[in-house]
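Take a look at the structure set out below.
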Amino acid sequence: MPTEASIPAPRRAPFAGFLKHGLKPVVFALCLLPFAWLVYRTFNNQLGANPFETIIRYLGDWALRFLLIALAVTPLRIITGWLWVARLRRMLGLFAFAYVAIHVFAYVGEHAFNWSEIWGDIVKRTYITVGMAALTMLTPLAATSMDWVIRRMGGAAWRKLHLLVYPAAILGVIHYFLMIKAGYQQPLIYGVILAALFGVRLYKNYARRI
Ligand code: HEM
């Protein structure tokens with residue numbers, strides 16, 4: 001009979017310790033870098049002739065990038081089988097929301113908190129209307145991201161609510177398309193990435209059914 005000493009210890013995956021304890025803080029710090037760079041540029045007068053426009057556009061870009069990165073987690077897990085990436089999903093989603101929120105805060109600041117002017121903009125300019133619709137969809141997702149809320153809601157209801165991230169991301173891309181008058185390359189790239197991420201999920205659901 002094998003003694004306890006003769007049973008080999010289970011082999012730990014390479015980087016298992018890092019994946020368990022170090023990954024989240026590292027990714028957290030990386031997610032802060034775009035914001036830190038913006039703060040640096042602000043304090044060093046590197047925002048160009050129209051600082052508000054620079055800040056709004058920069059944060060808008062990062063908001064959309066983080067939305068796509070958060071949406072890429074599940075397809076990446078499906079393709080690679082890396083279960084550990086799922087642990088980053090909530091944090092990445094919250095960073096996406098944070099960048100959207102500061103993007104909108106900068107827009108409100110540009111309008112000097114003149115709420116009637118802002119309301120006029122929301123009603124008149126389609127890309128702002130679409131952006132607001134995306135923000136409205138993302139807000140309940142951020143508000144329900146805590147463990148105790150998930151427990152209270154129940155997994156099924158929570159998952160159903162969080163499907164809103166897909167229309168929100170689509171509206172984010174449309175918002176970008178609508179605000180520019182020429183050079184559609186950038187929003188097109190975001191749109192193609194979003195479509196590819198949807199594609200992986202749809203394929204996975206389809207493959208599960210057959
Ligand atoms: C999910 C929500 C949103 C996302 C992902 C998003 C993303 C973006 C992106 C990618 C840009 C273009 C950046 C560039 O030119 O490089 C942009 C621009 C802009 N967004 Fe948003 N946005 C969102 C919501 C909103 C909301 C709610 C507002 C206002 C109420 C807003 C106001 C603006 C403005 C004013 C611009 C710049 C327009 C210009 O400079 O002509 N966005 N946004």
Side-chain angles (χ1 to χ4, degrees), residues 30-42 46-75 88-145 161-198 201:
L30 287 175
C31 291
L32 281 177
L33 282 183
F35 184 68
W37 177 236
L38 183 65
V39 172
Y40 173 83
R41 284 173 65 188
T42 306
Q46 292 177 6
L47 295 176
N50 191 340
F52 267 116
E53 189 186 285
T54 307
I55 291 173
I56 293 170
R57 290 188 164 212
Y58 177 84
L59 290 168
D61 267 333
W62 277 102
L64 198 47
R65 284 176 196 149
F66 273 110
L67 260 181
L68 295 179
I69 293 170
L71 279 171
V73 167
T74 302
L88 300 172
R89 195 172 41 195
R90 185 180 357 183
M91 187 169 75
L92 291 168
L94 283 173
F95 266 105
F97 181 76
Y99 276 94
V100 171
I102 322 173
H103 170 66
V104 176
F105 185 73
Y107 161 82
V108 172
E110 187 188 27
H111 289 262
F113 294 83
N114 183 335
W115 298 109
S116 65
E117 194 180 301
I118 291 168
W119 178 247
D121 231 14
I122 295 173
V123 177
K124 258 189 277 151
R125 295 160 88 176
T126 319
Y127 81 90
I128 298 287
T129 318
V130 171
M132 277 311 284
L135 176 70
T136 310
M137 288 177 183
L138 289 178
T139 304
L141 308 193
T144 57
S145 63
L161 177 69
H162 279 247
L163 289 176
L164 278 176
V165 68
Y166 299 107
I170 294 172
L171 290 178
V173 174
I174 295 175
H175 166 71
Y176 194 176
F177 261 113
L178 292 175
M179 64 145 280
I180 48 178
K181 284 147 199 97
Y184 291 96
Q185 197 183 344
Q186 191 75 12
L188 193 66
I189 292 171
Y190 288 135
V192 169
I193 294 172
L194 187 58
L197 295 174
F198 277 134
R201 278 174 170 262

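Just so you know, ligand 1 is whichever comes first in the structure, and atom 1 is the first atom listed for that ligand.
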When you measure from atom 37 (C) of ligand 1 to every protein heavy atom, which one gives the shortest distance, and what is it?
I56 CG2, 3.8 Å

What atoms of ligand 1 come within less than 4.0 Å of a heavy atom belonging to E53?
40 (O)

I'd like to check I170 versus L194 (side-chain heavy atoms, cut-off strictly below 4.5 Å). Are they in contact?
yes

Please work out whether any backbone atom (N, CA, C, O) or any side-chain heavy atom from C-beta onward of L138 is under 4.0 Å from ligand 1, and answer side chain, backbone, both or neither.
side chain

What I'd like to find out is whether the side chain of L92 reaches to under 4.5 Å of the side chain of C31, using heavy atoms alone.
yes

Output field: ring centroids H103/Y99 closer than 6.0 Å
no

Identity and distance of the protein heavy atom lying nearest atom 10 (C) of ligand 1
G60 O, 3.3 Å

Taking the side chain as C-beta and beyond, is there a heavy-atom pair between F113 and I118 under 4.5 Å?
no

Could a heavy atom of Y58 be found less than 4.0 Å from some atom of ligand 1?
no

For atom 26 (C) of ligand 1, grab the closest protein heavy atom and report residue, atom and distance to one decimal in Å.
V104 CG2, 3.6 Å

Can you pull out the closest protein heavy atom to atom 29 (C) of ligand 1? Residue, atom name and distance to 0.1 Å, please.
Y107 CD2, 3.6 Å

For ligand 1, does I128 get within less than 4.0 Å through its side chain, its backbone, both, or neither, judged by non-hydrogen atoms?
side chain

For the residue pair Y40 and W37, categorise the inter-ring angle as parallel (less than 30°), tilted (30 to 60°) or perpendicular (more than 60°).
parallel

Counting only heavy atoms, which portion of E110 has something under 4.0 Å from ligand 1: side chain, backbone, both, or neither?
neither

Hey, does D61 have a side-chain heavy atom less than 4.5 Å from the side chain of Y58?
no

Within a strict 4.5 Å, meaning less than it, do heavy atoms of the L47 and L38 side chains meet?
yes

R90 side chain to S145 main-chain N or O, any donor-acceptor pair under 3.5 Å?
yes

Taking the side chain as every heavy atom from C-beta outward, state whether F177 and L188 have any pair of such atoms under 4.5 Å apart.
yes

In the protein, which heavy atom is nearest to atom 33 (C) of ligand 1, and how far is it?
H103 NE2, 3.5 Å

Is a side-chain N or O of T129 found less than 3.5 angstrom from the main chain of R125, in a donor-acceptor match?
yes

Which protein heavy atom lies closest to atom 6 (C) of ligand 1, and at what distance to 0.1 Å?
H175 CD2, 3.3 Å

Side chain, backbone, both or neither: which part of M132 has a heavy atom under 4.0 Å from ligand 1?
both

To check your reading of the model: name the closest protein heavy atom to atom 1 (C) of ligand 1, its residue, and the distance in Å.
A134 CB, 3.4 Å

Which is closest to atom 40 (O) of ligand 1 in terms of heavy atoms, K181, H111, R57?
R57

How far is atom 11 (C) of ligand 1 from its nearest protein heavy atom, and which residue and atom name does that atom have?
M179 SD, 3.9 Å

